[in-house]
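Just so it is clear, the structure is predicted and the values come from calculations on it, not from any experiment. The figures that follow rest on heavy atoms only: side chains count, while hydrogens, waters and symmetry mates do not.
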2 protein chains.
Amino acid sequence: MTTPDAATPRPASSRARILLVARTEFAERGFDGVPLQAIAARAGVRHPTLLYHFESKELLYRAVIESVVGDWAAETERAISTGLLGFEQVAALVDAAFRFFDRHGDFVRIVRREAIEGGGRMEEQMAEFMRPFLEDAVRFLRKEMRAGRLRRHDPVELMQVCYGTVLTYFSDARFRANLVDEDPLSASALGRHKRALLKLLRTALEPELR
Amino acid sequence: MTTPDAATPRPASSRARILLVARTEFAERGFDGVPLQAIAARAGVRHPTLLYHFESKELLYRAVIESVVGDWAAETERAISTGLLGFEQVAALVDAAFRFFDRHGDFVRIVRREAIEGGGRMEEQMAEFMRPFLEDAVRFLRKEMRAGRLRRHDPVELMQVCYGTVLTYFSDARFRANLVDEDPLSASALGRHKRALLKLLRTALEPELR
DNA sequence: GTCTATACCGCGATAGAC
DNA sequence: GTCTATCGCGGTATAGAC
């Protein structure tokens with residue numbers, strides 16, 4: 001809901017500060033990986049203070065998820081309702097995802113962690129937010145394919161490919177850094193990957209091509 | 001290295017049994033999520049026995065990683081050295097990945113977990129095994145593109161797309177299950193996704209198409 | 001090699017003063 | 001709202017008998 005992880009100037013209220021560092025900390029080390037005390041310390045308070053604001057570690061985590069998912073929901077809402085058609089809309093969405101994920105690196109890793117768990121801590125919460133988004137997207141793709149503005153592909157699987165590719169690029173960026181020598185999160189590397197993905201999608205999706 | 005996770009008939013030695021359940025257990029709940037006692041119990045021994053074979057939790061985990069990576073290395077070796085050309089080789093590799101990941105669900109989640117961590121527990125170990133694999137693949141793609149048997153795309157980014165898509169399908173299968181009502185790991189769902197990905201790649205990569 | 005018993009500590013949570 | 005102090009559990013690891 002509130003603010004992301006970049007160089008935000010430290011919120012005034014303890015509560016907000018705690019929530020902020022909790023987000024990055026959980027993203028980094030996972031739920032069990034982070035002692036409450038570490039979060040409290042980095043937020044400049046003692047852990048009882050933290051537990052005063054959020055009654056338990058579990059509830060703190062849920063609060064983090066909520067803010068994270070809220071950010072995402074707000075962003076996609078915008079990216080999806082731009083009245084664009086055909087591949088232009090697809091490109092716009094991919095573009096929005098790249099920009100959002102780039103600014104919210106912790107969002108990505110938290111989502112990923114939850115997605116892996118399966119029986120995780122959010123399950124419904126996440127699915128709740130994602131389902132309508134997916135449905136909208138699928139509806140759109142189907143429509144455009146029928147209209148002949150996109151080549152026919154299975155819309156659900158197409159979304160899965162995009163989801164997998166983009167999310168992975170960010171969630172596994174640190175790993176990729178070990179394989180190619182260039183910071184995957186640098187503007188240039190990021191741009192190259194986005195362009196490559198779009199080109200791939202374009203060649204596969206645009207009907208009247210070449 | 002040794003054996004996978006499917007319906008293998010329980011190894012005779014305690015050591016092997018421990019290693020086996022450790023693999024699935026770590027995959028499921030992550031390093032901090034699993035008490036040694038749980039692993040020991042499921043392997044039919046007490047935890048001191050476990051610590052007799054593997055000196056610490058950390059070392060047990062490394063042993064698991066090693067076996068996991070070994071399995072993967074052995075498999076790709078084969079899939080990559082089949083002398084196929086152009087899109088046929090690409091398809092063969094994707095196919096091999098699908099089959100391998102399907103049989104080694106725990107492999108996928110462990111790799112993913114490590115990839116997210118970044119400063120994780122394996123870093124070098126993983127990268128060591130992946131780098132030559134990636135380099136071979138890139139070399140191959142470059143060659144085929146030059147020869148005109150594949151359309152030109154950035155080979156590294158292309159690999160990233162495949163890696164992201166396939167790995168995600170399996171690592172996030174449980175999450176996907178909440179969004180579409182069909183078991184993502186069922187033979188039919190799996191086949192559909194593989195075909196969709198291949199079709200996408202084919203339309204983008206095969207030169208003399210349509 | 002496998003066990004029982006136990007040491008030891010990190011962590012989440014509570015009590016209660018300021 | 002924030003603190004100090006402390007409880008109590010769960011978890012890794014060790015000692016030492018069989």
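- Ion pairing between a basic and an acidic side chain is recognised when a charged N comes within 4.0 Å of a carboxylate O; B/R195 and A/E157 show no such pairing.
- In this structure, the nucleotide among D/dG1, D/dT12, C/dG1 sitting nearest to the side chain of B/Q37 is D/dT12.
- Rounded to an integer number of Å, the gap from CZ of A/F54 to P of C/dG12 is 15 Å.
- A salt bridge links A/R23 with A/D71: at least one charged nitrogen is closer than 4.0 Å to a carboxylate oxygen.
- Counting only heavy atoms from C-beta on, A/S56 has its side chain closest to C/dA13 among C/dA13, D/dG1, C/dG12.
- Using a cutoff of 4.0 Å between basic side-chain nitrogens and carboxylate oxygens, B/R29 and B/E25 are scored as salt-bridged.
- When the P atom of D/dG11 is taken as reference, atom CD1 of B/I39 falls 12 Å away, rounded to whole Å.
- Residue A/R29 contributes atom CZ, which lies 12 Å from atom P of C/dC11 at whole-angstrom precision.
- Salt bridge status for B/E135 with B/R139: absent, with no side-chain N to carboxylate O gap under 4.0 Å.
- When ring centroids are compared, B/Y169 and B/F101 stay outside the 6.0 Å threshold.
- Whole-Å rounding puts the B/L59 CG to D/dT12 P distance at 14 Å.
- As a whole-Å value, the separation of A/L50 CG from C/dG12 C1' is 11 Å.
- For B/F31 and D/dG11, the CZ to C1' distance is 12 Å, given to the nearest whole Å.
- Note on B/L36: only backbone sugar-phosphate atoms sit closer than 4.0 angstrom, heavy atoms only; bases stay farther off.
- Put simply, the side chain of B/H104 does not reach to within 4.5 Å of the side chain of B/F170, judged on heavy atoms.
- One can place OH of A/Y52 at 17 Å from P of C/dA17, the figure rounded to the nearest angstrom.
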Under a 3.5 Å cutoff on both atom distances, Watson-Crick or G-U, what's the dot-bracket for DNA chain C ([ ] crossing, | other strand)? ||||||||||||||||||
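- Aromatic ring centres of B/F107 and B/W72: separated by under 6.0 Å.
- Taking every side-chain heavy atom of B/L51 into account, D/dA13 is the closest of C/dG12, D/dA13, D/dG11.
- No side-chain donor from either of B/R113 and B/S171 sits under 3.5 Å from a side-chain acceptor of the other.
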Tabulate protein N/O versus nucleotide N/O from nucleotides 3-7 of chain D, keeping only pairs under 3.5 Å, one per line.
unit_1: D/dC3; atom_1: OP2; unit_2: A/R46; atom_2: N; d: 2.9
unit_1: D/dC3; atom_1: OP2; unit_2: A/T49; atom_2: OG1; d: 2.4
unit_1: D/dT4; atom_1: OP2; unit_2: A/R46; atom_2: NE; d: 3.4

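- Between A/S14 and D/dG1 there is no side-chain N or O to OP1 or OP2 distance below 4.0 Å.
- A straight line from CD of A/E58 to C1' of C/dC11 spans 15 Å, rounded to a whole angstrom.
- Ring orientation note: the planes of A/F26 and A/F31 are close to parallel, at an angle under 30° on the 30°/60° scale.
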